[in-house]
Asks: 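Okay, here's the structure, questions in a sec.
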Amino acid sequence: MDCLNRRNWAALGGFVHAEVAHNGTRIGLSGYREMLEGDVAAIPDLFFDVRMILYDGPVIASRIHFDCTPVGPLFGLPVNWRRVRFGENVFYEIEEGRIWRVWSVIDKDAIRQQIE
């Protein structure tokens with residue numbers, strides 16, 4: 001998470017496998033990096049605030065909190081410079097010491113309720 005919060009994209013390969021998959025789709029390290037860079041472009045003040053982390057074998061489960069101000073739409077919702085708070089549940093499967101698979105569920109309903 002420190003790597004993400006520092007925007008240290010060059011170090012990402014030390015934590016993420018070259019063949020990483022996100023929500024069932026293999027996107028590779030370059031695709032994962034592009035996704036994260038896109039997130040930061042859409043949300044310049046993005047900060048990954050880990051509130052809970054559990055480890056069981058090759059799987060790490062985490063609850064991440066966000067308190068941020070997207071510059072435009074977010075997940076298809078017209079946030080547009082409004083501050084929103086929401087959570088994300090993320091499961092990371094580790095292989096060869098790096099993140100191999102990522103499953104992410106974002107609480108879009110929390111965002112929707114704040115902008116209505």
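Side chains included, hydrogens not; waters and symmetry mates left out as well; all remaining heavy atoms used.
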Asks: Taking CE in M1 as the centre, count heavy atoms belonging to other residues, nucleotides or ligands within less than 6.0 Å. Is the count above 12?
Replies: yes

Asks: Side-chain contact test, heavy atoms from C-beta onward, threshold under 4.5 Å: evaluate it for F91 versus I60 and give yes or no.
Replies: no

Asks: Taking all non-hydrogen atoms of both residues into account, name the closest pair between G72 and V79 and its distance.
Replies: O-CB, 3.8 Å

Asks: Under a 3.5 Å cutoff, is there a donor and acceptor pairing between the side chains of H17 and E96?
Replies: yes

Asks: Out of curiosity, T25 OG1 to R101 CZ, how far, rounded to the nearest 0.5 Å?
Replies: 12.0 Å

Asks: What about Y92 and M52, same hydrophobic cluster or not, with Ile/Leu/Val/Met/Phe/Trp/Tyr joined at side-chain heavy-atom distances under 4.5 Å?
Replies: no

Asks: For R112 and E116, work out which heavy atoms get closest and say how close.
Replies: O-CG, 3.0 Å

Asks: Could you tell me which non-hydrogen atom of V40 sits nearest to which non-hydrogen atom of W9, and how far apart they are?
Replies: CG2-CZ2, 3.9 Å

Asks: Looking at every non-hydrogen atom in both residues, tell me the closest pair between P70 and V84 and how far apart they are.
Replies: CD-CG2, 4.0 Å

Asks: How long is the straight-line distance from CD of Q114 back to CG of L77, given to the nearest 0.5 Å?
Replies: 10.5 Å

Asks: When rounded to the nearest 0.5 angstrom, what is the spacing between CZ in F66 and CG in D107?
Replies: 11.5 Å

Asks: Just say parallel, tilted or perpendicular for the rings of Y32 and H22, cut-offs at 30° and 60°.
Replies: tilted

Asks: Would you indicate whether the side-chain heavy atoms of R7 and L46 approach each other to under 4.5 Å?
Replies: yes

Asks: If I compare all heavy atoms of A18 with all of R98, which pair ends up nearest, and what's the gap?
Replies: N-NH1, 4.2 Å

Asks: Output yes when a side-chain donor or acceptor of W103 lies under 3.5 Å from a complementary backbone atom of N23, and no otherwise.
Replies: no

Asks: Could you note down all residue pairs passing side-chain hydrogen bond (donor to acceptor under 3.5 Å, both in side chains) where residues 46-55 supplies at least one of them, sequence neighbours left out?
Replies: D49-R51

Asks: Got a donor-acceptor contact below 3.5 angstrom from the R82 side chain to the I115 backbone?
Replies: yes

Asks: Quick check for you: to the nearest 0.5 Å, what is the distance between N8 atom CG and D2 atom CG?
Replies: 8.5 Å

Asks: Take F75 and I106, measure what side chain to side chain contact (heavy atoms under 4.5 Å, CB included) needs, and give me the verdict at the end.
Replies: CA-CA 9 Å; F75 312 121; I106 295 172; 3.4 Å; yes

Asks: Any side-chain heavy-atom pair from I43 and L74 closer than 4.5 angstrom?
Replies: yes

Asks: Does the side chain of F86 come within less than 4.5 Å of C68's, by heavy atoms?
Replies: yes

Asks: Which pair of non-hydrogen atoms, one from D67 and one from D45, has the smallest distance, and what is that distance?
Replies: O-OD2, 4.5 Å

Asks: Between S104 and N89, is any pair of side-chain heavy atoms under 4.5 Å apart?
Replies: no

Asks: Please examine the side chains of L36 and F48, heavy atoms only from C-beta on, and report whether any two atoms are closer than 4.5 Å.
Replies: yes

Asks: Tell me, with the steps shown, if V59 and I94 meet side chain to side chain contact (heavy atoms under 4.5 Å, CB included).
Replies: CA-CA 6 Å; V59 177; I94 307 301; over 6 Å; no

Asks: Sorted by first residue and then second, give each salt bridge (Lys or Arg N to Asp or Glu O under 4.0 Å) pair with at least one member in residues 19-36; sequence neighbours left out.
Replies: R33-E37

Asks: Tell me whether the count of non-hydrogen atoms from other residues, nucleotides or ligands lying under 6.0 Å of CG in D56 goes above 12.
Replies: no

Asks: Any chance you could measure F47, atom CZ, to I64, atom CD1, to the nearest 0.5 Å?
Replies: 10.5 Å

Asks: Any side-chain heavy atom of V105 sitting closer than 4.5 Å to one from E88?
Replies: no

